[in-house]
Amino acid sequence: MSNRLTLTTWNVNSVRLRVELLKMLTEAPLHDGEMNRGPDVLCLQETKAMDDVFPRDAVLALGYSHLLIKGMKGYNGVAIASRFPLTPIDAPDWCAKGDCRHLAARIDTPGQSIELHNFYVPAGGPVPDRTKNPKFAHKLDFVTAMREWFTTARKQSDRIVLCGDLNIAPGEHDVWSHSYMQKIVSHTPIEVEHLQALQSGLDWTDAVRHFVPSDQKLFSWWSYRSQDWRLSNRGLRLDHVWVTPPLKPALLNASHLIDARDWTRTSDHVPVSVTLNL
DNA sequence: ATGGTTGCTTGGCAA
């Protein structure tokens, strides 16, 4: 019991606007039928805050005494908040843009140490054609760079968690309509191929699909542009937690906190949590 | 086919 680690990834779409919701997240039951323990590690994306305006004190007050942040003005931005010690790990400047889309750290849990990578993959713009849309090219190149780095700088036998907003919904039931979404950025075949190449590189296990059958619809994002997100249910599973082979036997549970989509002034993404028995 | 909303900022992107 004492060696359980619960990790939550959440694209907050502005950390400064979600401080109260982070508190709600720490108090929410993350997995059905379990006592609430709250996340031990929080990986945030789209913090949209320079480091000097990041609400450090509020996050520390929630019990996360170890905090790594990497922000820029207006866009992007990632953070890792932890109850266990974090040691920053050097990583590439993906696509040489210096754009605050990735943080990596070693987490020293009471059980053992693991390596954590928190990513915010580019959304890719509206047109799924790399010759017409530089943002789409950037997205594909970013995922390719991830695959190349992990397959050269790391091994399948390393104990690694990769999580974040990968902005790709790979499976047929990771989207509300597989046929409609074929030509829509986030579910086009070339994006899915790129993500699958990344996933097969270190033989990553999708920790959520490890527990939820792949023929069951599961989403982590619903657009703000709908009257009733639950009724229309045009969702996508863009947020992921993956683990390398040594951590696969440690997988204990995984859940999406769908209720968070109804919280007052919430993000368009919901928190995704995975518990490991280390 | 288009528009729908939100956030960072106050005009127009980005998602």
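First the proteins, then the strands, lettered A, B, ... as listed; each starts at 1.
Comparing B:dG12 with B:dA1, their C1' atoms sit 24 Å apart, to the nearest whole Å. Across the C1' atoms, B:dT6 and B:dT10 are found 15 Å apart, a figure rounded to whole Å.
Between A:R16 and B:dG7, a side-chain N or O to OP1/OP2 separation shorter than 4.0 Å is absent. The shortest distance between the side-chain N/O atoms of A:R18 and the OP1/OP2 oxygens of B:dG7 is below 4.0 Å. Taking side-chain N and O atoms only, A:S223 has no distance below 4.0 Å to OP1 or OP2 of B:dA15.
A salt bridge does not link A:D40 to A:R4: none of the charged side-chain nitrogens sits closer than 4.0 Å to a carboxylate oxygen. Using a 4.0 Å cut-off between charged nitrogen and carboxylate oxygen, A:R159 and A:E115 do not count as a salt-bridge pair.
Across the protein-nucleic acid pair, A:Q45 atom CD and B:dA14 atom C1' stand 16 Å apart, rounded to whole Å. Summarising the geometry, the separation between CZ on A:R225 and C1' on B:dG7 is reported as 12 Å, rounded to the nearest angstrom. Taking atom CH2 of A:W222 as the reference point, atom C1' of B:dA15 lies 17 Å away to the nearest angstrom. Residue A:N13 contributes atom CG, which lies 10 Å from atom C1' of B:dA14 at whole-angstrom precision. What separates NZ of A:K139 from P of B:dA15 is a distance of 10 Å, to the nearest Å. The OH atom of A:Y120 sits 11 Å away from the P atom of B:dA14 (whole-angstrom rounding). A:D99 places its CG atom 13 Å from the C1' atom of B:dA14, with the value rounded to the nearest Å. Computed from coordinates, the A:D228 CG to B:dT5 P distance equals 14 Å when rounded to whole Å.
Under the side chain to side chain donor-acceptor pair (under 3.5 Å) rule, A:Q45 has a single partner from A:T9, A:D165, A:N11, which is A:T9.
Listed by residue number, there are no residues of residues 172-190 of chain A with a heavy-atom contact under 4.0 Å to DNA chain B. Across residues 121-135 of chain A, A:A123, A:K135 each have a non-hydrogen atom less than 4.0 Å from an atom of DNA chain B (numbered order).
Under a 3.5 Å cut-off, the side chain of A:D99 and the backbone N or O of A:N76 do not form any donor-acceptor pair.
Taking the six-membered ring where tryptophan is involved, the planes of A:F150 and A:H117 are perpendicular, since the angle between them exceeds 60° and thus also 30°. Ring geometry for A:W242 against A:W204 counts as tilted: the plane angle lies between 30° and 60°, on a 0 to 90° scale.
Remark: the A:H178 side chain and the A:H187 side chain contain an N/O donor-acceptor pair separated by less than 3.5 Å.
A cation-pi contact links A:R234 to A:W176, judged by a cut-off of 6.0 Å to the six-membered ring centre and 45° from its axis.
Between A:W222 and A:R261, the shortest heavy-atom distance links the atoms O-NH2, 3.0 Å.
Each of A:T47 and A:Q227 has a nearest nucleotide on DNA chain B; the 5'-most of these lies closest to A:Q227. Comparing A:G74 and A:D165 by the nucleotide of DNA chain B whose heavy atom lies nearest to each, the residue mapping closer to the 5' end is A:G74.
Both A:L7 and A:F84 belong to a single network of hydrophobic side chains, linked directly or stepwise wherever heavy atoms of I, L, V, M, F, W or Y lie under 4.5 Å apart.
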